Amino acid sequence: MLGPNTGQPTIGGRRTSKGRRKLLNREEKWYGYAFVMPMLLGYFFFLFGPIVASFAMSFTNWNLLDELKFIGLDNYRNAFFGDPVLLDTLSNTLYFTILFVPLNIMLTLGLALLMQASIPGMGFFRTAAFAPVVTSIVVWAIIWKYIFQTDNGLINAVLKTFGVTGPAWLYSMELAIPVVVVVSLLKSLGINMAIFLAALKDVPMMYYEAARIDGASRWRAFWHVTLPLISPSMFLVTMITIIGSMKVFGQIYIMTGGGPGTSTYVMVYYIYEQAFKYYEFGYGTAIAFILFVIILLLTLVQWYGRKRWIHFEQ
Amino acid sequence: MNSKLRILTLGRLLHYAVLSVVAFISLIPIYWMAITSVKDFSQVFVTPPQWIPNPFKWVNYVELFERYPYHLYFFNSLYIAVLVTAGTCIVASMAGYAIAKLSFPLKNGIFLLLLSSMMIPNESTAIPLFVWFGNLGVVDTHFPLIVPAILGAGGTFGVFLMRQFFLTIPNELGEAARIDGCSPLRLYWNIMLPLATPAIATLSILTFLGSWNEFFDPLIYLHSSELYTIPLALAMFTDEGGVKGHLMMAASMVATVPILTVFFVAQRHFIEGISMSGVK
């Protein structure tokens, strides 16, 4: 509603009309730029600049030995048609993701449903499920490497007391990735669980009451009330988790070093090896740029998917 | 009535059973690390596994610090994490405040630009940055672990988190002060920042944790062992192979206990921060 003196606001008789406001605004503008400037410079120097440079470098043969040359699409051609290790790497990364993401979503959602109840001792259980999240991935992977050791590792030692000879977990082509998946799952359950817990808390109680009055079982209430209402979080968590699994590195570096053979080579491990062990910067950037494109596409799906696919967003 | 009650109790018991299994699996590796760190070397790998060390050898920790300069790695990790955390909080809260509360042209564009950096993975920019930092002569220093961590993707998340928080503070609060001639800088420093303490706490904890546990960047940038951070030192020792299990676990404890302590003290902020990253 407009007051009678909207045109001429005066405060305590002082002249604070448009002129002063304009002055304040001009001042505010410069402060605004100054405040975002460090982040903006950081963006250009450490994110945008390097990603453009990465694109440019991927068309060269940049390494420590040869003369720097522009080689066009050779790195990409080599990557997709001449390098069996990269194909292994891509399929391993995909395999890891396909195992890791659905298990992660189901387990964390299930856990969140269990932990949502306010029953005595819940604080302890939440804290326990969270402890691995704060532990360094390096420490976590080292512990599990010991636990999964073939001779006298904790698991095989326990199996031996039951008279079973455990397999060589980390030295088996078939088992290495599933073992790393299990270790990664246990490390990160708490993260998605927390996001789901927050989402579940936002579901209004009255919907459950309405469902109960209508005679819906708890199972049906879950499928028809809870799940649709938390679908935005579900979608977001799925995308974040997929992106995270494309970048899996620490546990691979520590637990398997890509082996046995190339059976646990994943994208970041391959980038690391090409660029920082063999100093093949040109080829390394080509693979790093492929990773960027994959993550860019996933992020775009996430952003546009949220708008199109989800009906319940406030 | 009685049978219904029984079903209820049974359900509750099952509930606790499942949660206990999860807690057990989550804590057993940490327990195992803790006990192995005080075991005699001869008892690290025995069948059946020894669940309570006998004897307790606290002296393993003395041995660890005598053999390896772990105090140095600890100090490196600590000062890097403190600098990164302080820097991120200042820079991100300033930008977050400006984007939420000040009006200037291109503001939304700048915010979107910053947000878009979340889709640029650290690993994809690592090679050009490495070459560039090599030319600047700062490879094998702590510079690449500190400055890009503050002004790069980590800071961007901070900007987002702080903006969300500042949006919840009513505009009238700042406007009154502005009309009275308070500059945006003073307003930010004296009014907005103190109000933002909960958000700053959340951001600090997440940033500290991220920096303390960071592995990829130290791995590519640090070559001299006296510059190592704890995760890098641990990784290098597993590579060498010669380090014995109990010392390895003692070193892992040194890396883990401080961060677990921080976590137990500030759980609420931590879990809030994680779930914040899932909101919008």
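None of these values were measured; they are calculated from a predicted model. Chain identifiers are assigned alphabetically (A, B, ...) following the order of the sequence lines, protein sequences preceding nucleic acid strands; residue numbering begins at 1 within each chain.
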The interface call for M122(A) against chain B, heavy-atom contacts under 4.5 Å, is side chain
Turns out that what part of V91(B) lies under 4.5 Å from chain A's heavy atoms comes down to both
When the 4.5 angstrom heavy-atom criterion is applied to Y31(A) and chain B, the contacting part is both
Okay, I127(B) and chain A: the region with an atom under 4.5 Å from a heavy atom over there is both
So, the part of M249(B) with a heavy atom under 4.5 Å from chain A: the answer is side chain
_Please verify the inter-ring angle class for W132(B) with F45(A); under 30° counts as parallel, over 60° as perpendicular, anything in between as tilted._
parallel
Whatever's closer than 4.5 Å to a heavy atom in chain B on F196(A) counts as neither
When the 4.5 angstrom heavy-atom criterion is applied to W30(A) and chain B, the contacting part is neither
Could you please spell out the steps behind the side chain to side chain contact (heavy atoms under 4.5 Å, CB included) verdict for L112(B) and N108(B)?
CA-CA 6 Å; L112(B) 269 181; N108(B) 293 326; 5.9 Å; no
Whatever's closer than 4.5 Å to a heavy atom in chain A on A126(B) counts as both
Across all chains, not counting sequence neighbours, the side-chain hydrogen bond (donor to acceptor under 3.5 Å, both in side chains) partners of S117(B) are T156(B)
OG (S116(B)) and CZ (F48(A)) are apart, to the nearest 0.5 Å, by 8.5 Å
Interatomic distance, CZ@F35(A) vs CZ@F104(B), rounded to 0.5 Å, equals 10.0 Å
Turns out that what part of F292(A) lies under 4.5 Å from chain B's heavy atoms comes down to both
Cut-off 4.5 Å, heavy atoms of chain A, and the answer for F24(B) is neither
When the 4.5 angstrom heavy-atom criterion is applied to F44(A) and chain B, the contacting part is side chain
Okay, A117(A) and chain B: the region with an atom under 4.5 Å from a heavy atom over there is side chain
Chain B shares the most heavy-atom pairs under 4.5 Å, among I147(A), I142(A), L189(A), with I142(A)
Bottom line for S93(B): the part with an atom under 4.5 Å from chain A's heavy atoms is neither
Okay, V138(A) and chain B: the region with an atom under 4.5 Å from a heavy atom over there is side chain
Applying a strict 4.5 Å limit to non-hydrogen atoms, the region of I119(A) in contact with chain B is both
Turns out that what part of M39(A) lies under 4.5 Å from chain B's heavy atoms comes down to both
- Check whether the ring centres of F130(B) and F133(B) lie less than 6.0 Å apart, and answer yes or no. no
The interface call for L186(A) against chain B, heavy-atom contacts under 4.5 Å, is side chain
- prompt: Taking the side chain from Y97(B) and the backbone from L187(B), do they hold a donor-acceptor pair closer than 3.5 Å?
  reply: no
In terms of ring plane angle, is the pair F111(B) and F160(B) parallel, tilted or perpendicular, where the classes change at 30° and 60°? parallel
Turns out that what part of L47(A) lies under 4.5 Å from chain B's heavy atoms comes down to both
**Asked** Going by the angle between their ring planes, with limits at 30° and 60°, are Y253(A) and F215(B) parallel, tilted or perpendicular?
**Response** perpendicular
Under 4.5 Å to a heavy atom of chain B? For S136(A) that would be both
When the 4.5 angstrom heavy-atom criterion is applied to V134(A) and chain B, the contacting part is both
